[in-house]
Amino acid sequence: MPELPEVETLARQLHKLLAGAVFARAEVLWPRSIALPDAAEFARQAPGLRIEGVGRRGKFIVFGLSGGRHLLIHLRMSGQVRVEPPGTAPDGHARVVFDLEDGRRLIFSDTRKFGRMYLTSDMGAVAGKLGAEPLAEDFALADLRALLVRRKGALKPLLLRQDLLAGLGNIYADEALFAARLHPQRKADTLTPGEVRRLYTAIRQVLAQAIAGRGTTLRDARYRDAEGRPGEFQERLCVYQRHGEPCVRCGTPIERIVVSQRGTHYCPHCQS
DNA sequence: CTAGGTGCCTGATTGC
DNA sequence: TGCAATCAGGCACCTA
């Protein structure tokens, strides 16, 4: 599933491919893919909007458009965004198809139909509740400590909360906890200063390495970059979906448990 | 405030 | 073999 590293990879590619391009037409094939405004209004407003640049906030792809407007895309589970040559026929899972003035097509495909698009003049109304960017230069150790202090809940559900920390999903939460040698069910308010530091370093390192590997594409997942290529980071996953396989650090079999309704993978020997 | 449950979806996997 | 039930996942939304 696309998380911060996949969305970052995609956003960088889309920026290179699309900065300066202008939407000529938008066709909505699955109306519920449009969260804002409604599908008909979306198709009416898109033509003529110029793409100034493409970036990322949390797991949202953010298109900066002419007139101070923004197009935000959340891929959720199975969303893909691809730039295709003129005349490319949309695949069977295409939900929104944009024609650009230069003839190219921007195709949003989404097998499970969970992905959402927002076209708005008020980006804050869509992405305003997101928490800190873990890779931002000004995200400091003290900021992570502030997120954890006085929280009695388990560590992993906290890491998944987008209003605290924006961008971590199930894969990278598990990988970061392994790298920090912390049990997913450790209570957040019991961490020592040294453990908070380990977690801080682990989160930033795992995310940066995953971006360097252009994201994770699992066997059953559909993540592809803007050119349709899979990522490479799946080859460096230490725990995610590796239950039963030996821990890369100590050889103990990786275990899978369920923590607040999510499959959770960890090494019972290394992580406490 | 946090914790837990449900709905949204489809394709892969499991169970009989 | 074939079909049905279950599972996976992020997030909005609901109740306790």
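Lettering of chains follows the sequences in order, A, B, ..., and the numbering in each one begins at 1.
- Distance CD (A/Q80) to P (B/dT10): 16 Å, rounded to an integer number of Å.
- Between the P atom of B/dC8 and the CG atom of A/L75 lies a distance of 22 Å, rounded to the nearest Å.
- The terminal axes of the helix from B/dT2-C/dA16 to B/dC16-C/dG2, fitted over 5 pairs per end, subtend an angle of 60° to the nearest 10°.
- Of the two residues near DNA chain C, A/F60 and A/Q261, the one whose nearest nucleotide lies more 5' is A/Q261.
- You'll find the side chain of A/V239 reaches within 4.5 Å of the side chain of A/E175, heavy atoms only.
- Ion pairing between A/D189 and A/R151 fails under the 4.0 Å rule for side-chain N and carboxylate O.
- Ion pair A/R214/A/E232 flagged as a salt bridge, since at least one NZ, NE, NH1 or NH2 atom sits closer than 4.0 Å to an Asp/Glu carboxylate oxygen.
- A donor-acceptor pair is defined here as one N or O able to donate and one able to accept, closer than 3.5 Å; such a pair exists between the side chain of A/R57 and the backbone of A/L130.
- Of the side-chain N and O atoms in A/H93, none sit less than 4.0 angstrom from OP1 or OP2 of B/dC9.
- By the 30° and 60° cut-offs, the orientation of the rings of A/Y172 relative to A/F233 is tilted.
- Using a 4.0 Å heavy-atom cutoff across all strands shown, A/K152 reaches no nucleic acid atom at all.
- Of the residues in residues 156-163 of chain A, those lying under 4.0 Å from DNA chain C by heavy-atom distance are A/Q162.
- Across the protein-nucleic acid pair, A/Y118 atom OH and C/dC11 atom P stand 10 Å apart, rounded to whole Å.
- To the nearest angstrom, P of C/dA12 lies 17 Å from CE of A/M117.
- Ion pairing between A/R56 and A/E133 holds under the 4.0 Å rule for side-chain N and carboxylate O.
- Taking only side-chain nitrogens and oxygens, A/R151 comes nearer than 4.0 Å to OP1 or OP2 of B/dT2.
- Considering only side-chain N and O atoms, A/Y240 lies under 4.0 angstrom from the phosphate OP1 or OP2 of C/dG9.
- Atom CZ of A/R32 and atom P of C/dA12 are 14 Å apart (whole Å).
- Taking 4.0 angstrom as the limit, A/H74 places a side-chain polar atom (N or O) nearer than this to OP1 or OP2 of C/dC11.
- Taking only distance into account, the side chain of A/R112 meets the base of C/dA8 through a donor-acceptor pair shorter than 3.5 Å.
- The aromatic rings of A/F60 and A/Y118 stand perpendicular to each other, their planes meeting at an angle above 60°, with 30° marking the opposite boundary.
- Taking the 5.5 Å centre cut-off and the 30° plane limit, the aromatic side chain of A/F114 is classed as stacked on C/dG10.
- The nearest whole Å value for the distance from the CG atom in A/D110 to the P atom in B/dG11 is 11 Å.
- Regarding A/R76, its CZ atom lies at a distance of 15 Å from the P atom of B/dT10, rounded to whole Å.
- For the pair A/M77 CE and B/dG11 P, the computed distance is 14 Å after rounding to whole Å.
- Counted within 6.0 Å of CZ on A/R197, heavy atoms from surrounding residues, nucleotides or ligands total 12 or fewer; the atom is thus considered open.
- Take A/E101 and apply the salt bridge (Lys or Arg N to Asp or Glu O under 4.0 Å) test, not counting sequence neighbours, and it matches no residue.
- Remark: the A/E41 side chain and the A/Q45 side chain contain an N/O donor-acceptor pair separated by less than 3.5 Å.
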